[in-house]
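Just below is one structure, and these are the notes that go with it.
Note on naming: letters A, B, ... go to the chains in the order of the sequence lines (proteins, then strands), and numbering restarts at 1 for each one.
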There are 2 protein chains.
Amino acid sequence: MKLSTRGRYGTRALLDIALHQSERPVLLKEVARRQEISPLYLERLITPLITAGILRSTRGARGGVSLSRPAGEVRLSEILRLLEGSIEPVECVNNPGVCSRSGACVTRDVWGELQKAMDDVLNGITLGDLVERQRVKDQTRHIMYDI
Amino acid sequence: MKLSTRGRYGTRALLDIALHQSERPVLLKEVARRQEISPLYLERLITPLITAGILRSTRGARGGVSLSRPAGEVRLSEILRLLEGSIEPVECVNNPGVCSRSGACVTRDVWGELQKAMDDVLNGITLGDLVERQRVKDQTRHIMYDI
DNA sequence: ACTTTGTTGATTAGATTAGTCGGCAAAGAG
DNA sequence: CTCTTTGCCGACTAATCTAATCAACAAAGT
């Protein structure tokens with residue numbers, strides 16, 4: 001029941017890109033450095049996000065990547081689905097055909113409730129929320145250091 | 001973000017044992033047959049549950065396993081913790097030391113919320129609840145066939 | 001004693017994860 | 001127009017985890 005590095009790194013990378021948006025695209029190399037992720041591995045992770053249209057990329061000098069939608073319109077559930085494949089705890093919940101017991105199985109019902117609880121959390125948080133939280137957090141920590 | 005067969009088979013096996021409780025212990029071989037789990041693999045899965053004291057085992061002829069506590073006192077969260085190791089989506093939530101960013105990281109906060117939502121579901125359901133649900137479900141399905 | 005049933009440690013095939021590497025493709029800079 | 005920058009893509013790999021299997025042993029009834 002663990003998230004892989006794909007989900008963790010990818011989410012952090014997207015947040016980093018959202019935080020550093022400006023007129024110019026953000027360099028993947030810089031994201032990788034700031035987030036301490038291997039640059040080569042980061043390219044890997046970013047690819048499905050570009051294909052899905054969450055990010056837009058520009059090649060060549062002064063290139064990089066940028067969000068193609070407002071951060072407030074990108075849900076965490078969507079990000080994780082792209083990075084991890086799916087967030088279901090078991091396959092039979094969304095695909096009853098994989099197990100002949102599905103109809104009579106109460107453990108399946110429970111995994112369904114578990115998935116719903118997870119979906120509710122992840123649908124309710126957008127990349128924009130993360131950006132805002134990060135700004136608040138950085139400010140609070142800054143004040144703490146001042147005192 | 002998937003449960004492994006350990007969590008899935010193990011939960012089903014425990015439910016099966018709870019449903020078939022009587023004066024005599026339940027045979028693992030029978031559990032394995034009913035749940036279509038390899039008998040050899042099932043022994044594997046059952047071991048930590050015995051060590052943790054959820055199940056009691058009796059060896060020899062007429063032996064088997066039985067619940068050592070009332071089913072209503074066994075929470076799903078406990079079962080999964082024993083079978084899967086833990087249900088945390090990332091390690092840093094419960095163990096901030098593994099990452100130097102923990103203090104400043106808002107994605108970590110989100111994974112914490114995700115974990116809480118999962119814990120709430122799994123703490124709120126006991127093996128006794130599963131037994132009851134299964135009985136209701138079987139009855140409903142039986143009536144449906146009658147009509 | 002004999003049989004049944006659970007216990008344990010070793011072993012294994014296959015899948016998944018977390019990367020790395022090399023070369024290609026586009027696009028701005030000079 | 002060609003050079004450099006930056007992303008794109010397919011192949012490859014080491015390490016780890018999963019899902020079993022097997023053989024030998026350990027109790028406990030019959």
Side-chain angles (χ1 to χ4, degrees), chain A residues 1-14 17 20 23-33 35-68 80 83-86 89-91 99, chain B residues 1-13 17 20 23-33 35-68 80 83-86 89-91 98-99:
Chain A
M1 261 330 239
K2 285 252 189 347
L3 235 42
S4 71
T5 55
R6 280 198 277 275
R8 290 185 279 124
Y9 292 1
T11 307
R12 259 167 50 203
L14 265 182
I17 293 164
H20 291 88
E23 329 76 53
R24 290 171 53 170
V26 183
L27 270 100
L28 281 184
K29 208 193 295 179
E30 293 294 300
V31 176
R33 188 182 49 75
Q35 296 299 322
E36 298 174 279
I37 301 169
S38 147
L40 286 148
Y41 192 41
L42 182 59
E43 283 182 5
R44 270 294 92 156
L45 301 182
I46 288 294
T47 305
L49 302 175
I50 293 170
T51 309
I54 288 181
L55 291 176
R56 195 186 319 118
S57 69
T58 354
R59 300 194 197 188
R62 293 177 158 250
V65 297
S66 48
L67 290 176
S68 42
L80 288 182
L83 292 167
E84 297 272 340
S86 92
V90 300
E91 216 191 321
C99 178
Chain B
M1 263 326 240
K2 285 256 191 345
L3 236 41
S4 70
T5 55
R6 280 198 276 277
R8 289 185 280 124
Y9 291 2
T11 308
R12 259 169 49 203
I17 293 165
H20 290 89
E23 329 77 54
R24 288 171 56 170
V26 183
L27 270 100
L28 282 185
K29 207 191 298 177
E30 293 294 299
V31 176
R33 187 181 50 74
Q35 297 298 323
E36 297 174 278
I37 300 169
S38 144
L40 285 148
Y41 192 42
L42 182 59
E43 286 182 2
R44 279 274 107 151
L45 301 181
I46 287 295
T47 307
L49 302 174
I50 293 169
T51 310
I54 288 180
L55 290 176
R56 194 185 320 118
S57 70
T58 355
R59 300 195 196 187
R62 291 175 160 254
V65 297
S66 47
L67 289 177
S68 42
L80 287 182
L83 291 167
E84 296 273 340
S86 91
V90 301
E91 215 190 322
V98 299
C99 176

Criterion side-chain contact (heavy atoms from CB on, under 4.5 Å) on Leu42(B) and Gln35(B), from CA distance to verdict: CA-CA 10 Å; Leu42(B) 182 59; Gln35(B) 297 298 323; over 6 Å; no
I would like to know whether Ser86(A) and Lys2(B) meet side-chain contact (heavy atoms from CB on, under 4.5 Å); could you show each step before the answer? CA-CA 9 Å; Ser86(A) 92; Lys2(B) 285 256 191 345; 3.5 Å; yes
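From the 5' end on, the contacts that DNA chain D makes with chain A at under 4.0 Å to a non-hydrogen atom open and close at dT5(D) to dA11(D). The footprint of chain A on DNA chain C, defined by a heavy-atom cutoff below 4.0 Å, extends from dT17(C) to dA29(C).
Closest non-hydrogen pair, Gly7(B) versus Glu84(B), comes out as N-OE2, 2.9 Å. Between Leu3(A) and Met1(B), the closest heavy-atom pair is CD1-CG, 3.2 Å. Shown here for Pro39(A) and Ala32(A), the closest heavy-atom pair between the two residues is CA-CB, 3.7 Å. What you find for Gly10(B) and Leu83(B) is that their closest heavy atoms are CA-CD1, 3.7 Å. The minimum heavy-atom distance linking Leu67(A) with Leu55(A) is given by the pair CD2-CD2, 3.7 Å.
With contacts defined as side-chain heavy-atom distances shorter than 4.5 Å, the pair Tyr41(A)/Arg6(A) qualifies. Contact annotation: the side chain of Arg12(B) approaches that of Ile37(B) to within less than 4.5 Å [non-hydrogen atoms, C-beta and beyond]. Contact check for Pro25(B) versus Val65(B): no side-chain heavy atoms found under the 4.5 Å cut-off.
To the nearest 0.5 Å, the span separating CG on Leu49(A) from OG on Ser57(A) amounts to 11.5 Å.
Each of Arg62(A) and Leu3(A) has a nearest nucleotide on DNA chain C; the 5'-most of these lies closest to Leu3(A). Heavy-atom nearest nucleotides on DNA chain C were determined for Tyr9(A) and for Thr58(A), and the one closer to the 5' end corresponds to Tyr9(A).
A search for side chain to side chain donor-acceptor pair (under 3.5 Å) contacts involving Glu43(A) returns nothing, not counting sequence neighbours. In terms of the side chain to side chain donor-acceptor pair (under 3.5 Å) criterion, Thr47(A) has no residue partners (sequence neighbours excluded).
Stem regions for DNA chain D, each three or more consecutive Watson-Crick or G-U pairs with both distances under 3.5 Å and listed by first number, read C:1-30 with D:1-30.
The stretch residues 40-57 of chain A touches DNA chain D through Glu43(A), Arg44(A), Ile50(A), Ser57(A), each having a heavy atom under 4.0 angstrom from the strand.
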